[in-house]
Amino acid sequence: MPIIEVDNLTYYYPGSSKPALANISLNVEKGDFLLITGPSGSGKSTLVRTFNGLIPHLFGGRFEGKVLVKGKDTRYCSVAELSKTVGIVFQDPENQILTLSVEREIAFGLENLGLPREVIRERIEKVLKDLNIVHLRERIPIELSVGEQQKVIVASIIAMMPEVLVFDEPTAHMDPLSALKFLELVHELNKRRYTVVVVEHRLDLVAKYANKIIILNNGRIVVKGEPRNILPSDIAEECGVDVPRYIRFFKRISNLAKISRYPISDKEAAETLKEVLGYGGSY
């Protein structure tokens with residue numbers, strides 16, 4: 001059974017005559033790293049809000065089809081119940097910060113679950129160490145950098161031990177280096193045990209980690225598959241997706257040089273270029 005199953009989902013926001021999502025069907029399997037991309041307004045954020053019941057429970061609107069989380073229909077489960085399985089990190093971490101210290105921020109969700117104090121303390125210590133933010137324990141979250149704030153939000157969600165972590169454009173307000181480090185953290189979490197869903201535009205940084213990708217446009221899935229096969233396709237650029245520059249480069253020279261396998265990272269791009277140039281040495 002897929003951990004998340006979306007079956008023929010169509011959704012209209014309240015008062016809208018145009019669907020934000022139309023006939024969406026997809027499966028997220030345990031252990032997946034699913035990358036969701038597409039132009040602005042294509043329905044990416046709307047889609048992931050259905051994974052933990054924010055849509056339709058908090059947003060209302062017209063909801064057709066179904067979303068199942070571990071076999072449970074989200075229409076008949078509360079957001080609180082679904083959040084035990086699916087945790088979402090939004091692009092603006094300040095909107096998720098509720099307390100005046102990192103330690104209290106992590107404890108907040110655990111206290112709402114009614115866990116014993118000893119368990120809460122153990123989980124706080126564990127996530128602080130796992131995410132290398134022990135030094136931030138007493139800091140005020142709103143005074144931290146965006147990257148540090150995102151780590152605190154991730155820690156508060158991980159402490160509740162969900163199975164799925166959803167990141168909605170988490171690097172939107174980060175500089176390139178901070179974005180790179182944060183996505184490396186997301187990759188590490190996926191390798192540990194978490195199923196990961198990432199909505200992201202910076203495909204050059206994240207595509208190499210994903211085993212699945214879907215491209216949305218006008219609320220519909222245009223194409224889905226493996227990033228290595230999807231990103232070099234013409235349809236990706238036609239949809240306005242920011243295809244990594246190295247893929248665009250090798251597409252342009254493909255009529256001059258045989259490209260047997262498109263690279264999915266800058267490291268692979270360097271190796272592919274060496275092959276094209278017939279260079280067998282090392283730098």
Hydrophobic cluster membership, [X] vs [Y], 4.5 Å side-chain cutoff:
{"X": "Tyr194", "Y": "Phe51", "value": "no"}
{"X": "Ile24", "Y": "Phe59", "value": "yes"}
{"X": "Ile55", "Y": "Ile36", "value": "yes"}
{"X": "Ile213", "Y": "Val166", "value": "no"}

What's the shortest heavy-atom distance between [X] and [Y], and which atoms?
{"X": "Val67", "Y": "Phe63", "result": "CG2-CZ, 4.0 Å"}
{"X": "Phe250", "Y": "Ala269", "result": "CZ-O, 3.5 Å"}
{"X": "Gly60", "Y": "Pro14", "result": "C-CG, 4.0 Å"}
{"X": "Phe33", "Y": "Asn211", "result": "N-OD1, 2.7 Å"}
{"X": "Tyr12", "Y": "Ser17", "result": "CE2-O, 3.4 Å"}

Under 3.5 Å, sequence neighbours excluded: what are the donor-acceptor pairs made by side chains of residues 134-147?
{"unit_1": "Arg137", "atom_1": "NH1", "unit_2": "Glu103", "atom_2": "OE2", "d": "3.3"}
{"unit_1": "Arg137", "atom_1": "NH1", "unit_2": "Glu125", "atom_2": "OE2", "d": "2.9"}
{"unit_1": "Arg137", "atom_1": "NH2", "unit_2": "Glu125", "atom_2": "OE1", "d": "3.0"}
{"unit_1": "Arg137", "atom_1": "NH2", "unit_2": "Glu125", "atom_2": "OE2", "d": "3.0"}
{"unit_1": "Ser145", "atom_1": "OG", "unit_2": "Glu148", "atom_2": "N", "d": "3.2"}
{"unit_1": "Ser145", "atom_1": "OG", "unit_2": "Glu148", "atom_2": "OE1", "d": "3.3"}

Exercise for review: Return the orientation label for the Phe182 and Phe167 ring planes: parallel under 30°, perpendicular over 60°, tilted otherwise.
Suggested key: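 Judged by the thresholds at 30° and 60°, the geometry between Phe182 and Phe167 is perpendicular.
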
Review point. So does Glu268 pair up with Arg228, basic N to acidic O under 4.0 Å?
Key: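 Between Arg228 and Glu268 there is a salt bridge, with a charged N closer than 4.0 Å to a carboxylate O.
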
Review point. Using links of under 4.5 Å between side-chain heavy atoms of ILVMFWY residues, direct or through other members, which residues join Phe108 in one cluster?
Key: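 Direct or chained contacts put Phe108 with Leu98.
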
Starting at [atom1] of [X], measure out to [atom2] of [Y] and round the result to the nearest 0.5 Å.
{"X": "Glu5", "Y": "Asn27", "atom1": "CD", "atom2": "CG", "result": "5.0 Å"}
{"X": "Leu21", "Y": "Asn218", "atom1": "CG", "atom2": "CG", "result": "11.5 Å"}
{"X": "Ile215", "Y": "Glu237", "atom1": "CD1", "atom2": "CD", "result": "10.0 Å"}
{"X": "Leu216", "Y": "Thr37", "atom1": "CG", "atom2": "OG1", "result": "8.5 Å"}
{"X": "Lys251", "Y": "Tyr246", "atom1": "NZ", "atom2": "OH", "result": "14.0 Å"}
{"X": "Glu29", "Y": "Ile3", "atom1": "CD", "atom2": "CD1", "result": "9.5 Å"}

Excluding sequence neighbours, so at least two apart, what forms salt bridge (charged side-chain N to carboxylate O under 4.0 Å, His left out) with [X]?
{"X": "Asp73", "result": "Arg75"}
{"X": "Glu64", "result": "Arg62"}
{"X": "Arg248", "result": "Asp242"}
{"X": "Asp32", "result": "Lys212"}

Quick one: side chain to side chain donor-acceptor pair (under 3.5 Å) pairs with a partner in [range], sequence neighbours left out?
{"range": "residues 106-121", "value": "Arg104-Glu111"}
{"range": "residues 78-95", "value": "Lys72-Glu81"}
{"range": "residues 48-59", "value": "Tyr13-Arg49"}

Review point. Tell me the salt bridge (Lys or Arg N to Asp or Glu O under 4.0 Å) pairs involving residues 162-183, sequence neighbours left out?
Key: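 For residues 162-183: Lys70-Glu163.
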
**Study point:** Those residues that, when tested against Arg192, pass side chain to side chain contact (heavy atoms under 4.5 Å, CB included) (two or more places apart)
**Key:**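 Counting only residues at least two positions away or on another chain, Arg192 forms a side chain to side chain contact (heavy atoms under 4.5 Å, CB included) with Asp130, Glu188, Leu189.
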
Point to revise | Residues forming a side chain to side chain contact (heavy atoms under 4.5 Å, CB included) with Ala155, sequence neighbours excluded | key: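 Scan of Ala155 (side chain to side chain contact (heavy atoms under 4.5 Å, CB included), adjacent residues dropped) gives Ile106, Val127, Leu131, Ile133.
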
Check your understanding: Is there side-chain contact between Leu110 and Val119, with heavy atoms separated by less than 4.5 Å?
Key ->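 The answer is no, as the side chains (C-beta and beyond) never meet within the 4.5 Å cut-off.
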
**Study point:** Side chain to side chain, Val206 and Val186, heavy atoms closer than 4.5 Å
**Key:**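 SC-SC contact between Val206 and Val186 ruled out.
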
Review point. Heavy-atom count around Leu100 CG within 6.0 Å, excluding the residue itself: above 12?
Key: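 Counting neighbours around CG of Leu100, 12 or fewer heavy atoms of other residues, nucleotides or ligands fall under 6.0 Å, so no.
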
**Study point:** Neighbour count above 12 (heavy atom, 6.0 Å) for Lys66 NZ
**Key:**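 No.
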
Practice item. Assess whether side chain to side chain contact (heavy atoms under 4.5 Å, CB included) is satisfied between Arg261 and Thr272, documenting all intermediate values. Key: CA-CA 8 Å; Arg261 186 170 179 261; Thr272 302; over 6 Å; no

